[in-house]
Amino acid sequence: MLDIQIQAPFPILQGKGAPESEQTLVLLTGPDFDVANGPFAHLDAATGGALRRATAISRFKGQRDQSCVLLAPCAAFARIVLIGCGPADELDIPTMEAAGGQAAKAVRDTTHADLALAGRCADFAAHAAYGAALGRYSFDLYHTDEPENAPQLQRLHIGVENPDSVRAEWESLRAVAQGVFRARDLVSEPPNVLTPPEFARRIEGLRDLGVEVEILDAAKLAELGFGALLGVAQGSDQEARVAIMRYRGSEEAPLAFIGKGVTFDSGGISIKPAAGMDEMKTDMGGAAAVVGAMEAVARRKAKTHVIGVVGLVENMLSGNAQRPGDVVRSYAGKTIEVLNTDAEGRLVLADVLAYAKERFQPRLMVDLATLTGAIVVSLGHIRAGLFSNDDALANALFEAGEQTGEAVWRMPMGKAYDRQLRSDIADMKNITGRPGSSITAAQFLARFVGDTPWAHLDIAGVAWRSDAAPQCPKGATGFGVRLLDALVRHHEPETASA
């Protein structure tokens, strides 16, 4: 993880002293910057007027997403980078985190750099650091030689007027970043490495952070009656697992987070097309997000009782694989006609949701799953689909998404959609037609939550990126960790009373 040091303002920006030899400096600013005054004037003087000339030629005005790069403007500076953040009255957390990520990418080929913030940007210094840390992430475990474009940035110094308070805020955000990285690492792992038993083994490492961990193996799951989940797993040589994580930050009824953990999804007998099947290693993105969120709340010592439960299976083909037309009995006792073995995630979640509701009696439940391609058609790769039986919970998740940049959009539910799940020979079937299929998938899950306030997040379009963003390189995003952490903060005593 990027080593971020919070310190007092850099003397050169106050007109004191000279810059360090070959200093690399990034400055975040808005349209109110003035080359003739303040830190910009001192920087311009130190570079012999190069800053003034560069901003004039590039027409840099400090608008959002604008940047200006000066390479070796004088002997003392190796590089100066200006990044625009937009007007002061439009600054928010996602904007400043994106600017921090942009800063880390702008200096990715140097080992250390300095970051300064002008004007109101300084109010978001900790979040700029957070964005820089997220943007610096890379997954290079399986490279035997360092890639040519591998980031070199190891250390970032951030100069602020109030280093102690920024440092305290950064430490809390740093804990969340570590949870995001945990989720990204898990999603990035190849499926021959991250099997259900191996996934469960890695979850056991959370015990070192004070999280209680319980692993249910296939025999225990059969004893408990997890028929829907085990039906998905029966075609694989890799046994299913359910991992239960408990963080006791208070004595109240817990918040319960549920994750779909299909470590590889071939589609089963209803096999997927070959093109793009390699990305089906990401079908455990919901479980990864839950694990990452549990790490985040434990590291920052949240004052809330949180439960995480993830169902870990591999959906494969074999002579013992589940068949279209099979009927399975779920943990809740309800029977399900399996018409399509590639609609397996809802079978896994059905058992885990019902189990978590019955055993832990949580005050709310949120499940995350890369569940349907239909949600990608609806919302693209910008927002996750949000389905809920509780307006307060749905609103809290929407606000958390706007705050963290992990945006969600509420989708409709209702009896008309629910009726489409009727089966001729069982209590329900696991698929309907293509129209509204992300909604009917949510309706299926709703049958296993009872009256518990519940939300389902379909993250199929946002768990993996085919291109890079300021806070995330191409690949696993870790979507959901920041969102769930923000929801936990919403329920912490000091937050609830604020």
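Position 1 is the first residue of the sequence, and the numbers go up from there.
Note: Glu337 CD to Leu421 CG = 11.5 Å, rounded to the nearest 0.5 Å. Once rounded to the nearest 0.5 Å, the distance linking CG of Asp278 with CZ of Phe264 reads 8.0 Å. Here Leu312 contributes atom CG and Ile215 contributes atom CD1; the two are 7.5 Å apart, rounded to the nearest 0.5 Å. From Phe257, atom CZ reaches atom CG of Leu368 across 8.5 Å, with rounding to the nearest 0.5 Å. A distance of 12.5 Å separates CG of Leu2 from CZ of Arg108, quoted to the nearest 0.5 Å. Rounded to the nearest 0.5 Å, atoms NE2 (His456) and CH2 (Trp454) are 6.5 Å apart.
Leu134 is listed as a side-chain neighbour of Phe181, based on a closest heavy-atom distance under 4.5 Å. Two residues are said to be in side-chain contact when any heavy atoms from C-beta on lie closer than 4.5 Å; Ile203 and Met294 fail this criterion. Looking only at side-chain heavy atoms (C-beta outward), Leu216 and Ile244 come within less than 4.5 Å of each other. Inter-residue side-chain proximity for Met428 and Phe444 is flagged as met; some heavy-atom pair is nearer than 4.5 Å. Between Glu295 and Leu206 the shortest side-chain heavy-atom distance falls below 4.5 Å. A heavy-atom distance below 4.5 Å is not found between the side chains of Ile93 and Thr404. Counting heavy atoms from C-beta outward, Phe360 and Val309 have side chains that approach closer than 4.5 Å. Looking only at side-chain heavy atoms (C-beta outward), Tyr137 and Asp185 come within less than 4.5 Å of each other.
When atom types are taken as modelled, the side chain of Arg465 and the backbone of Lys474 share no donor-acceptor pair closer than 3.5 angstrom. Although no hydrogens or angles enter the test, the distance criterion places a donor-acceptor pair under 3.5 Å between the side chain of Gln66 and the main chain of Gly62. Remark: the backbone N or O of Pro190 is not paired with any side-chain donor or acceptor of Tyr142 at under 3.5 angstrom. With hydrogens and angles ignored, the 3.5 Å screen pairs no side-chain donor or acceptor of Lys260 with any backbone N or O of Arg346. Here the side chain of Arg410 pairs a donor or acceptor atom with the backbone of Ser388 at under 3.5 angstrom. Within the 3.5 Å criterion, the main-chain N or O of Met280 finds no donor-acceptor partner in the side chain of Lys272. At distances below 3.5 Å, not a single donor-acceptor pair connects side-chain atoms of Thr95 with backbone N or O atoms of Leu91. Judged purely by atom type and a 3.5 angstrom limit, Arg207 uses its side chain to pair as donor or acceptor with the backbone of Val213. Within the 3.5 Å criterion, the main-chain N or O of Leu483 finds a donor-acceptor partner in the side chain of Glu406. Checked by atom type and distance alone, the side chain of Gln471 never pairs as donor or acceptor with a backbone atom of Gly101 at under 3.5 Å.
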Result block: side-chain N/O donor-acceptor pairs under 3.5 angstrom for residues 228-237, not counting sequence neighbours:
| from | atom 1 | to | atom 2 | distance (Å) |
| --- | --- | --- | --- | --- |
| Gln234 | NE2 | Asn320 | O | 3.1 |
| Ser236 | OG | Gln238 | N | 2.9 |
| Ser236 | OG | Glu314 | OE1 | 2.6 |

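With sequence neighbours excluded, the residues forming a salt bridge (charged side-chain N to carboxylate O under 4.0 Å, His left out) with Arg202 are Glu189, Glu198, listed by chain and number. For Ser138, the side-chain contact (heavy atoms from CB on, under 4.5 Å) partners are Arg136, Asp140, Pro151, not counting sequence neighbours. Every residue meeting the side-chain contact (heavy atoms from CB on, under 4.5 Å) condition with Ala463, not counting sequence neighbours, appears here in chain and number order: Thr370, Ile459. Partners of Pro324 according to the side-chain contact (heavy atoms from CB on, under 4.5 Å) rule, which considers only residues two or more places apart in sequence or in another chain, are Ile269, Ser270, Thr341.
Between Tyr130 and His127, the ring planes lie perpendicular to each other; the angle is over 60°, past the 30° to 60° tilted range.
Of all non-hydrogen atoms in Lys105 and Gly135, the two that sit nearest each other are NZ-O, 3.1 Å. Taking every heavy atom of both residues into account, Leu27 and Leu117 meet most closely at CD1-N, 4.0 Å. Across all non-hydrogen atoms, the minimal contact from Ile83 to Ala99 is CD1-O, 4.1 Å. Scanning all heavy atoms of the two residues, the minimum distance from Ile6 to Trp170 falls at CG1-CD1, 4.3 Å. Considering all non-hydrogen atoms of both residues, Pro362 and Ala356 come closest at CD-O, 3.6 Å. Ala332 and Ala354 get closest at one heavy-atom pair: CB-CB, 4.0 Å.
Between Arg241 and Glu204 there is no salt bridge, since none of the side-chain N atoms of the basic residue sits less than 4.0 Å from a carboxylate O of the acidic one. The residues Asp485 and Arg299 are annotated as not salt-bridged, no charged nitrogen and carboxylate oxygen being separated by less than 4.0 angstrom.
Applying the 6.0 Å contact sphere to NZ of Lys334 captures more than 12 heavy atoms from other residues, nucleotides or ligands. Counting non-hydrogen atoms of neighbouring residues, nucleotides and ligands closer than 6.0 angstrom, the CZ atom of Arg422 reaches no more than 12 such neighbours. The local environment of CG in Asn192 is crowded, with over 12 non-hydrogen atoms from other residues, nucleotides or ligands closer than 6.0 Å. By the 6.0 Å contact criterion, CG on Leu141 is enclosed, its count of non-hydrogen atoms from other residues, nucleotides or ligands being greater than 12.
Residue pairs meeting the ring pair (Phe, Tyr, Trp, His ring centres under 6.0 Å) criterion with at least one member in residues 336-358, sequence neighbours excluded, are Phe226-Tyr355, Tyr331-Tyr355.
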**Message:** Before you tell me yes or no, could you show the steps for Val291 and Phe199 under side-chain contact (heavy atoms from CB on, under 4.5 Å), namely the whole-Å CA-CA distance, both residues' side-chain angles and the distance that decides it to 0.1 Å?
**Reply:** CA-CA 10 Å; Val291 174; Phe199 200 151; 4.0 Å; yes
**Request:** Walk me through it: do Val328 and Val338 pass the test side-chain contact (heavy atoms from CB on, under 4.5 Å)?
**Result:** CA-CA 8 Å; Val328 296; Val338 180; 4.2 Å; yes
**Request:** For Arg120 and Cys85, run side-chain contact (heavy atoms from CB on, under 4.5 Å): C-alpha distance rounded to whole Å, both residues' side-chain angles, the deciding distance at 0.1 Å, then the answer.
**Result:** CA-CA 10 Å; Arg120 189 163 177 262; Cys85 302; over 6 Å; no
**Prompt:** Would Ser438 and Leu371 satisfy side-chain contact (heavy atoms from CB on, under 4.5 Å), going step by step from the backbone distance to the final call?
**Reply:** CA-CA 8 Å; Ser438 61; Leu371 205 66; over 6 Å; no
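Within the cation-pi definition used here (under 6.0 Å to the ring centroid, within 45° of the axis), Lys357 does not qualify as a partner of Phe448.
A donor and an acceptor atom, one from each side chain of Ser172 and Arg489, are located under 3.5 Å apart. Side-chain contact, His305 with Glu252: no donor N or O sits under 3.5 Å from an acceptor N or O.
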